[in-house]
Amino acid sequence: MIKPDAVQRNLAGEIICRVLRKGYKICAMKMLRIDHDLASEHYVEHSSKPFFGSLVSFVTSGPVIAIVLEGDGVIEGIRRLMGSTDPKKADPGTIRADLGIDMARNVVHGSDSTASAKREISLFFEKNEVIDFARCDEGWLYP
């Protein structure tokens, strides 16, 4: 997901280009405004943490771009490409190191596991919105 800070700063094209240059395929993409309920469900694993409210408030503050990607080792690869959650600790050349401002405004979100990816994709996309996603055809994502 390209977060509101990146959309506001016109960084979406730069981020998408970096993803495509790594060889990943975009299977779905859309810009949307996330409401409070969807944001709370998206970040449910953080609901008991003190920063939960600010996470929800931030991701609902402006449009985001939700993206489904496909490719070998995509989850691990995208997480490496994104860099550490804290842009100040991210490796040079990563998206967050180059474009992020701080922990709250770190421009992108990526699923951290297959289970998270399945859950998050189903929050933002209907099956017919995901194009040529091989695992969807095999019943990987949608029953």
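- Once rounded to the nearest 0.5 Å, the distance linking CD1 of I65 with CE of M31 reads 4.0 Å.
- Expressed to the nearest 0.5 Å, how far NZ of K3 lies from CG of L55 amounts to 7.0 Å.
- The side chain to side chain donor-acceptor pair (under 3.5 Å) analysis of residues 13-24, with sequence neighbours excluded, yields the pairs E14-R18, R18-D98.
- S113 OG to K118 NZ: the interatomic distance, rounded to the nearest 0.5 Å, is 10.0 Å.
- The heavy-atom pair separating V107 from R9 by the smallest distance is CG1-NH1, 3.8 Å.
- Applying the salt bridge (charged side-chain N to carboxylate O under 4.0 Å, His left out) test to residues at least two apart or on different chains, none of the pairs has a partner in residues 57-67.
- Here the closest heavy-atom approach between residue G62 and residue P4 is recorded as O-CG, 3.6 Å.
- With sequence neighbours left out, the salt bridge (charged side-chain N to carboxylate O under 4.0 Å, His left out) criterion links D102 to R105.
- Residue pairs satisfying the side chain to side chain donor-acceptor pair (under 3.5 Å) criterion with at least one member in residues 49-65, sequence neighbours excluded, are listed as follows: H46-K49.
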Output side-chain donor-acceptor pairs under 3.5 Å for residues 74-81, partner residues at least two apart or in another chain, one line each.
unit_1 : atom_1 : unit_2 : atom_2 : d
R79    : NH1    : G110   : O      : 2.8

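- Interatomic distance, CD of Q8 versus CG of N10, reported as 9.0 Å (0.5 Å rounding).
- Under the side chain to side chain contact (heavy atoms under 4.5 Å, CB included) criterion, I16 pairs with I2, L20, I26, M29, I67, sequence neighbours left out.
- Residue pairs meeting the salt bridge (charged side-chain N to carboxylate O under 4.0 Å, His left out) criterion with at least one partner in residues 56-67, sequence neighbours excluded, are absent.
- A donor-acceptor pair under 3.5 Å links the side-chain atoms of N106 to the main chain of T85, judged by distance alone.
- In this structure, the side chains of I34 and F124 come closer than 4.5 Å at one or more pairs of heavy atoms.
- The side chain to side chain donor-acceptor pair (under 3.5 Å) analysis of residues 29-40, with sequence neighbours excluded, yields the pairs K30-E129.
- The shortest non-hydrogen separation linking I15 to A6 is CD1-CB, 3.9 Å.
- Applying the ring-ring contact (aromatic ring centres under 6.0 Å, His included) definition to pairs two or more places apart or across chains, those involving residues 57-111 are H42-H109.
- Closest of all the heavy-atom pairs between Y43 and F52 is O-CE1, 3.4 Å.
- When the side-chain hydrogen bond (donor to acceptor under 3.5 Å, both in side chains) test is applied to D72, no partner is found at least two apart in sequence or on another chain.
- In this structure, the side-chain hydrogen bond (donor to acceptor under 3.5 Å, both in side chains) partners of D112, at least two apart in sequence or on a different chain, are S116.
- Contact between M103 and D86 at its shortest, heavy atoms only, is SD-CB, 3.2 Å.
- A continuous path of Ile, Leu, Val, Met, Phe, Trp and Tyr side chains, each step under 4.5 Å between heavy atoms, connects L123 with V64, placing both in one hydrophobic cluster.
- Contacts of E45 classified as side-chain hydrogen bond (donor to acceptor under 3.5 Å, both in side chains), with partners at least two apart in sequence or in another chain: R119.
- Between D5 and I101 the shortest side-chain heavy-atom distance does not fall below 4.5 Å.
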